[in-house]
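The block underneath contains the structure these notes are about, expressed in structure tokens.
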Amino acid sequence: MTDKTRIHKLNEEQTGVGPVLYWMTRDQRAVDNWALLYAQEIAREQKAPLKVVFCLVPRFLDATMRQCEFMLKGLEEVELTLRKYNIPFYLVAGSPEQEIVRFIEKVGAGTVITDFSPLKIHRAWKEAVCKSIDVPFYEVDAHNIIPCRQASNKQEFGAYTIRPKILRKIDSYLIDFPRIEKHPFNKPGGESVNWEKARSTLKIDTGVGEVDWILPGEKAAGKMLMDFIDTRLTNYADHRNDPNKNTLSNLSPYLHFGQVSAQRIAFEVRKTRKKKQSRDSFLEELIVRRELSDNFCFYNEHYDSFEGFPAWAQKTLNEHRDDTRDRLYTVDDFEQARTHDPLWNAAQIEMATTGKMHGYMRMYWAKKMLEWTETPEEAQAVAIYLNDRYELDGRDPSGYAGIAWSIGGMHDRAWTERPVFGKIRYMNYNGCKRKFDVDAYLKKFPV
Ligand code: FAD
Ligand code: FO1
């Protein structure tokens, strides 16, 4: 049974007659998905058909071919898996405000379930759909281990304030999943999605191409998780800040598209006998840091602008607005990796060519943009633009939070004051040299 605290009712409608419809957005998977499980629970109770629909928008926050293909290939797998469970998957193209409403009417849905997301775009979609339908509409937090609203009812100051709240509840949420069942109230068969037609509706930049070191989809995500546990997890605590070591999980693209559930990852990692220090260190990132990002975006509508930074950070950045910048670069300079700093350029090349910059380099990369642009607003805007254009895991709460942390002191504290940065934590080339073999990293990503 889906824990009722995962479910949030979006309207007042009480009963609906007709198929149960799951509108999939953020949690693009057939297994380990509380939203789908809840939809099936209701459908079984009502002896009603169960359908799944995804709305493909022509342009989603400037996503490029790189991210859209990763997503679409994952969805193709979702369609096939759902078919085995006798659950039809539909794809509608256009804006959800119109297309989801139209689809709800077309199939005569009696109940609608959708995913939780803290992002403004998703919230606006849901609000619009809500106004146009008269059947019960529920949101299920299938993304977080502890549902965002349950973890905290306010914006948290940092990991140190959300951690105890999470730890208090983690054992009741970090459980295994029930299995989705073959749905008994659907007619077998039905039409398949025309994926080529779907692709033709996209109005996206094809200049940023796909990458081939990581495969999309639920099966590939499961394999990545098992590879990580078997071969990389042991060294995670010791090597996670070294961009030359292959120690990270590489699960963020899958998590971003919901092709794997964080709860599944945490459940599997928790039960291994790998080094405790590494398990704890990984779970701190996966649970505390990741769920803190959802908390930030959910309770702070300015998650992608200067106004969202904490008051102390805004104050110190304002006090240093007129400081002389030693270097100034344009978006194009940054995008083409044309700064004077070979380490920064290598990080940019890593992101542009692989679609995933190492986590440690992401902090350095964003902080240097604060140093080399005219205003913190410009630094944040350029960081979001490049992050979302090239990273496979871009346009995610963890991205907005990571950029706000690097440039705007979010979830951090004040440090020693210095030019341009004010009291925002500083990072420099020599600091990186002390931490890892910078020359080896430069060789991996030549300009
Ligand atoms: P692992 O180290 O294996 O971590 C496992 C999981 O823990 C990650 O997949 C992620 O879900 C979570 N996690 C790890 N580090 C963080 C963190 N600092 N904050 C929140 N969650 C974390 N993450 C994104 O998913 N999308 C982004 O667009 C993004 N942009 C970032 C931009 C900047 C400037 C910074 C500083 C961080 C950004 N992060 C982003 C957070 C983090 O760098 C990535 O999640 C991580 O590098 C992903 O690689 P991994 O899955 O191999 O990480
Ligand atoms: N969600 C949708 O419901 N429809 C889309 O067409 C869509 C496209 C898309 C493209 C790139 C990308 O990074 C995300 C995309 N998402 C889409 C949403 C995504 O699954 C996540 O919910 C959000 O990015 C929040 O993490």
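FYI, the numbering just counts along the sequence from 1. Here the structure is a predicted model, which is why all the values come from computation and not from measurement. Just follow the structure's listing: the first ligand is 1, and inside any ligand the first atom is 1.
No hydrogens or angles considered: a donor-acceptor pair under 3.5 Å links the side chains of Asn300 and Gln155. No hydrogens or angles considered: nothing links the side chains of Ser406 and Arg362 as a donor-acceptor pair under 3.5 Å.
Between Asn250 and ligand 1, at least one N/O pair is under 3.5 Å apart. When only interatomic distances are considered, the shortest N/O to N/O separation between His358 and ligand 1 does not fall below 3.5 Å. Considering backbone and side-chain atoms together, Glu391 places no N or O closer than 3.5 Å to any N or O of ligand 1.
Interface atoms of ligand 1 facing Gly394, defined by a heavy-atom separation under 4.0 Å, are 28 (O). Atom numbering of ligand 1 starts at 1 in the shown order; those under 4.0 Å from a heavy atom of Gly359 are 43 (O), 47 (O). Atoms of ligand 2 found under 4.0 Å from any heavy atom of Asp396, numbered from 1 in the order shown, are 26 (O). Every atom of ligand 1 with a heavy atom of Leu255 under 4.0 Å away is listed here by number and element: 9 (O), 11 (O). Every atom of ligand 1 is numbered from 1 in the order shown, and the set under 4.0 Å from a heavy atom of Ser293 is 20 (C). Within ligand 1, counting atoms from 1 as listed, the ones closer than 4.0 Å to a heavy atom of Ser249 are 1 (P), 3 (O), 5 (C), 50 (P), 51 (O), 52 (O). Ligand-side atoms of ligand 2 in range of Leu119: 25 (C), range being under 4.0 angstrom from any heavy atom. Heavy-atom contacts of Ser406 reach the following atoms of ligand 1: 34 (C), 36 (C) (cutoff under 4.0 Å). Each of the atoms 11 (C), 12 (C), 13 (O), 14 (C) of ligand 2 lies under 4.0 Å from some heavy atom of Phe257. Contact atoms of ligand 2 toward Ala63: 10 (C), 11 (C) (distance under 4.0 Å to a heavy atom of the residue).
Salt-bridge check for Arg163 with Glu284: passed, with a basic side-chain N closer than 4.0 Å to an acidic carboxylate O. Between Asp333 and Arg327, none of the side-chain N atoms (NZ, or NE/NH1/NH2) sits under 4.0 Å from a carboxylate O, so this pair counts as no salt bridge. Ion pairing between a basic and an acidic side chain is recognised when a charged N comes within 4.0 Å of a carboxylate O; Arg102 and Glu105 show no such pairing.
With respect to atom 20 (O) of ligand 2, the closest heavy atom belonging to the protein is Gln28 NE2, 2.9 Å. Counting only heavy atoms of the protein, atom 23 (N) of ligand 1 lies nearest to Ser398 CB, 3.3 Å. The nearest protein atom to atom 1 (N) of ligand 2, hydrogens excluded, is given as Phe54 CZ, 3.8 Å; this is a heavy-atom distance.
If you look at Leu61 next to ligand 2, there are no close heavy atoms at all, none under 4.0 Å. By the criterion of a heavy-atom distance under 4.0 Å, the side chain of Asn387, and not its backbone, is placed next to ligand 1. Counting heavy atoms under 4.0 Å from ligand 1, residue Tyr236 touches it through the side chain alone. Under 4.0 angstrom from ligand 2, the non-hydrogen atoms of Cys55 all belong to its backbone. At a 4.0 Å heavy-atom cut-off, ligand 2 touches Trp125 through the side chain alone.
The option from Pro253, Ala366, Ser252 that lies nearest to atom 45 (O) of ligand 1, judged by heavy atoms, is Ser252. Between atom 11 (O) of ligand 1 and the options Glu291, Arg290, Met369, the minimum heavy-atom separation is to Arg290.
Counting non-hydrogen atoms of neighbouring residues, nucleotides and ligands closer than 6.0 angstrom, the CG atom of Asp62 reaches no more than 12 such neighbours.
Remark: distances from the non-hydrogen atoms of His122 to ligand 2 include one below 4.0 Å.
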Q.
With ring-ring contact (aromatic ring centres under 6.0 Å, His included) as the criterion, how do Tyr138 and Phe116 come out once you've worked through the C-alpha distance, each side chain's angles and the decisive distance to 0.1 Å?
A. CA-CA 9 Å; Tyr138 300 91; Phe116 165 81; over 10 Å; no
